[in-house]
2 protein chains.
Amino acid sequence: MNETPDRLTIGALAAQSRLSRETIRYYERVGLIRPSARSEGGYRLYAPGAVDRLRFIRTLRELGFTLNEIDRLLGIVDRDAGRCADIGDFIRDKRAAVERQIERLTRLKELLLDLEARCPHVEALFACPIIDRLADERWMADAEEGERRD
Amino acid sequence: MNETPDRLTIGALAAQSRLSRETIRYYERVGLIRPSARSEGGYRLYAPGAVDRLRFIRTLRELGFTLNEIDRLLGIVDRDAGRCADIGDFIRDKRAAVERQIERLTRLKELLLDLEARCPHVEALFACPIIDRLADERWMADAEEGERRD
DNA sequence: ATAAACCTTGGAGCATGCTCCAAAGTCAAG
DNA sequence: CTTGACTTTGGAGCATGCTCCAAGGTTTAT
């Protein structure tokens, strides 16, 4: 009594989600996912929806979210009103952070495109003005409030 | 004989770069930055350009670059032909990764905006279709090549 | 009924990137 | 010339997110 189209073992889930078995078990330990059942012998069995859940987690990880932040968003997925405390603030802050990151990445992309165009001539690379000055306040993280100069 | 407008101590540099002294020393240990001089008593003294260098590093860190990747880009800054080996490939790959990340973040932003509009009514949140289905192939990391299903 | 392929738990180990500390020396202001 | 703020080195410790392993049980194909 085991794997069927709607009961994946951890290995099958790993293959479909492109995460390792170990990572899936690790995510279980920290509370991000649980098998929907166990076989008689104790094997974890997952519903097919677990594949989407893990891809959601993987995507957010690749975008720089911590497992803790992902857990908060999964609180919505799980309709867990408890984990949704202050979720509004969280979402607003995250959206703002994502917007800032998009802006910065866009400027970084331009720098990289500039560098790319100068390759493969190292001399030309060295002449890149942004790199040369290492200063472009439109791109770089700035001081923001709180900075005091002596 | 010490701090002047063009000879910052580590504390002043930390304040201006918004990194801690400890972090700056750590970056020195791993080769990202070096003081341009030392005082008689052994204090690190930095040229003002160090502020930009550290802001460059901080920005790239915040965008998800590893210290190792940052070191490669600093190889260009330092006109170090040695560290520039294969830099063209590196830049191309990075530019592509940055582009992909911008795309994904843009879609994520849309999800977050949707969720934000549904706040603060938890019921409405739970009704978010993307969250509900946890599937949006336009946004989610996908399988790509290499995935085999049994 | 046996082998190959899979799974279990528990715990150790590791890479990255900091962060903190103690004991001691340096510096600038009054 | 003392005091208090600052700095030094070296090393330990820590948070995150995996990753690997051993010893053993389960499944399934033959």
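Each chain gets a letter, A, B and so on, in the order the sequences are listed, and its residues count up from 1.
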Query - C:dC18 phosphate, OP1 or OP2, under 4.0 Å from B:S20 side-chain N/O - result: no
Query - Any donor-acceptor pair under 3.5 Å from B:R72 side chain to B:A85 backbone - result: yes
Requested in this report: Show your reasoning for whether side chain to side chain contact (heavy atoms under 4.5 Å, CB included) applies to A:L13 and A:R53.
Outcome: CA-CA 11 Å; A:L13 179 59; A:R53 189 180 180 97; over 6 Å; no
Query raised in the report: Looking at D:dC18, does its base get a donor-acceptor pair with the side chain of A:E22 below 3.5 Å?
Result: no
Query - Letter per nucleotide, 5' to 3', of nucleotides 1-7 of chain D [B base touched, S only sugar-phosphate touched, - untouched; heavy atoms, 4.0 Å] - result: -----BS
Requested in this report: Using only side-chain N and O atoms of B:Y27, determine if any of them is under 4.0 Å from OP1 or OP2 of C:dC18.
Outcome: yes
Considering only distance and modelled atom types, tabulate donor-acceptor pairs under 3.5 Å from the side chains of residues 26-33 of chain A, sequence neighbours left out.
unit_1: A:E28; atom_1: OE1; unit_2: A:R44; atom_2: NE; d: 2.6

Query raised in the report: Closer to the 5' end of DNA chain C via nearest nucleotide, is it B:T23 or A:R29?
Result: A:R29
Query raised in the report: Where each residue is assigned the nucleotide of DNA chain D containing its nearest heavy atom, which of A:G41 and A:Y26 is assigned the position nearer the 5′ end?
Result: A:Y26
Query raised in the report: Over how many whole Å does the gap from A:L8 atom CG to C:dC7 atom P extend?
Result: 11 Å
Query - Between C:dT8 (P) and A:E40 (CD): distance, integer Å - result: 15 Å
Query raised in the report: Does any non-hydrogen side-chain atom of A:F90 lie less than 4.5 Å from one of A:E69?
Result: yes
Query - Heavy-atom side-chain contact between A:I76 and B:C128 under 4.5 Å - result: no
**Report entry** Same cluster (ILVMFWY, side-chain, under 4.5 Å), A:I130 and A:L113
**Finding:** no
Report summary line: Atom CZ of B:R61 and atom C1' of D:dT16 are separated, to the nearest Å, by 12 Å
Query raised in the report: Are any side-chain N or O atoms of A:R118 and backbone N or O atoms of A:V122, one a donor and one an acceptor, separated by less than 3.5 Å?
Result: no
Report task. To the nearest Å, give me how far apart CZ (B:R38) and C1' (C:dC27) are. Result -> 16 Å
Query raised in the report: Could you state the CG-C1' distance from A:L32 to D:dT16, rounded to the nearest angstrom?
Result: 13 Å
Query - Side-chain donor/acceptor of B:R18 to backbone N/O of B:Q16, under 3.5 Å - result: no
Report task. Report yes if the side chains of B:L63 and B:Q101 come closer than 4.5 Å at any heavy-atom pair, otherwise no. Result -> no
Requested in this report: State whether B:R58 places a side-chain N or O below 4.0 Å from either non-bridging phosphate oxygen (OP1 or OP2) of C:dC18.
Outcome: no
Report summary line: Here the residues of residues 63-70 of chain B within 4.0 Å heavy-atom distance, strictly under, of DNA chain C are B:T66, B:L67
Report summary line: When rounded to whole Å, the CD1 to P distance for the pair B:I57 and C:dC18 reads 10 Å
Report summary line: Here the distance between atom P of C:dG17 and atom CD1 of B:I24, to the nearest Å, is 17 Å
Query raised in the report: How close or far is atom P of C:dC7 from atom CG of A:L13, stated in whole angstroms?
Result: 10 Å
